[in-house]
Amino acid sequence: MADPESHRIRPGLTGDARGVTPAVGKTLEIGLVVLYVALVTTVLLAGVVPEYRAAAGAEVGDRVLVAASQDVERAVPPDGTDTTVERTVQLPATIAGTGYRIRADGRRLVLEHPDAAVGGAVRLVLGARVDRVTGTWESGAETIVRVTDDSDGLVVELAEREGSG
Amino acid sequence: MSRRRDQPTRVRPDDDRGQANLVALVAALFALTSVTVVAVAVGNGALAGETRDPAERHAATAVADRLVAADSPLTNRSNVIDAGAIRSVTAADLRRWYPVLDDRAFSVSLDGETIAASGSAERGTTMRRIVLVERTTDTTIQPRFRTGNRVTLPRRTPDVGLSLDPPENVSVSTVRANDRTVLHDPDGLAGEFSIDVSRRETVRFTFTANGTLEHGDVDLSLSPRRTTKAELVVTVGD
């Protein structure tokens, strides 16, 4: 093509056929752009974005779990005070776009999420007065932590406010 | 390129015109690709640089809060640390009290002096709490009773150990702390007594007796408390 002699002897693109060139060029351009967009979209949506979503979800999950456990720990009243406490705990409705559960397991809070990358458990730091931790939180509900007095010690319960979804 | 410079009249052959656009397009797409790649790399870096470990932070905060709480084994009351208790604490004690420290490096220090440490936690999360360190010193005084049968305690203290040993001819019937009668026996008081007094006022003991008390007749043992400010630092690492 760069050779000035060669294009003269090639048929099709000489003389009256030159009018087709813009159409062919535009078609090529459109094809190229469509291919490019498809390629970039595929790479982003199939590889990068889900990976980031999972990574961000895992980080958010860790923080939600830690924030929840701190709320639980702070709800336990100091010794010698009224031991019936109800405190609202703010939890995000979804992590990585899906609902989740936080449940008590012994003296730990466990985050349950459909995505395996999101989850974990955190050990609660509670005084010896606390006998046990029970209950489950479903995300989206109005979650509260309730501390009541029992014969064996304090009972910390993960609960939902009455009448909330 | 050099050829075009050599032949300025044929800069762009006729059938090259469509491809000139394509070259521009490819260049644009290449630029777009570069921007995308750079953006993804920056995002990746931001995500990878997010190394703050919330669990570590939780452990440090929780342990620091529990250590200064009123029911902590180290405190006399909220935010007041018992100097004797904190001197004797070990890393094993802390692990036993706070299982959240299992498998983690941590150190607890008071005013820069490390009290208990396990592993190397320099790069961990640090929580600081301002506390009072309370020391109890035991002192005994023997009042001389130069100005009558009364004595003013030199320091405030929560309780006083009183040892009464009056002479044969003297009978102590009543002991008052300020205006409050704390001991009374019309037949005469003698022996060891423990008296709770207010820590918030200066206490003067008045002894009602049928004679004058002498130096050595009464022993008072006090346990005054001295508090100093200090900074409790809890560092928890991986």
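First the proteins, then the strands, lettered A, B, ... as listed; each starts at 1. Only a predicted model underlies this, so the values are computations on that prediction, with no experimental measurement involved.
- Between Thr33(B) atom OG1 and Leu29(B) atom CG the span is 6.0 Å, to the nearest 0.5 Å.
- Both the backbone and the side chain of Ala62(B) come within contact range of chain A, judged by heavy atoms closer than 4.5 Å.
- Neither the backbone nor the side chain of Leu65(A) comes within less than 4.5 Å of any heavy atom of chain B.
- Taking CZ from Arg123(A) and CG from Asp102(B), the interatomic distance works out to 5.0 Å, rounded to the nearest 0.5 Å.
- Looking only at distances, no side-chain donor or acceptor of Asp131(A) sits under 3.5 Å from a matching main-chain atom of Leu154(A).
- Residue with the most contacts toward chain B among Val66(A), Val33(A), Asp62(A): Val66(A) (heavy-atom pairs, distance under 4.5 Å).
- Using a distance-only test at 3.5 Å, with no hydrogens or angles considered, a donor-acceptor pair links the side chain of Thr157(B) to the main chain of Asp159(B).
- Only the side chain of Val48(A) comes within contact range of chain B, with at least one heavy atom under 4.5 Å from a heavy atom of that chain.
- Put simply, the side chain of Arg129(A) gets close to the backbone of Pro77(A): a donor and an acceptor are under 3.5 Å apart.
- Neither the backbone nor the side chain of Leu101(B) has a heavy atom closer than 4.5 Å to any heavy atom of chain A.
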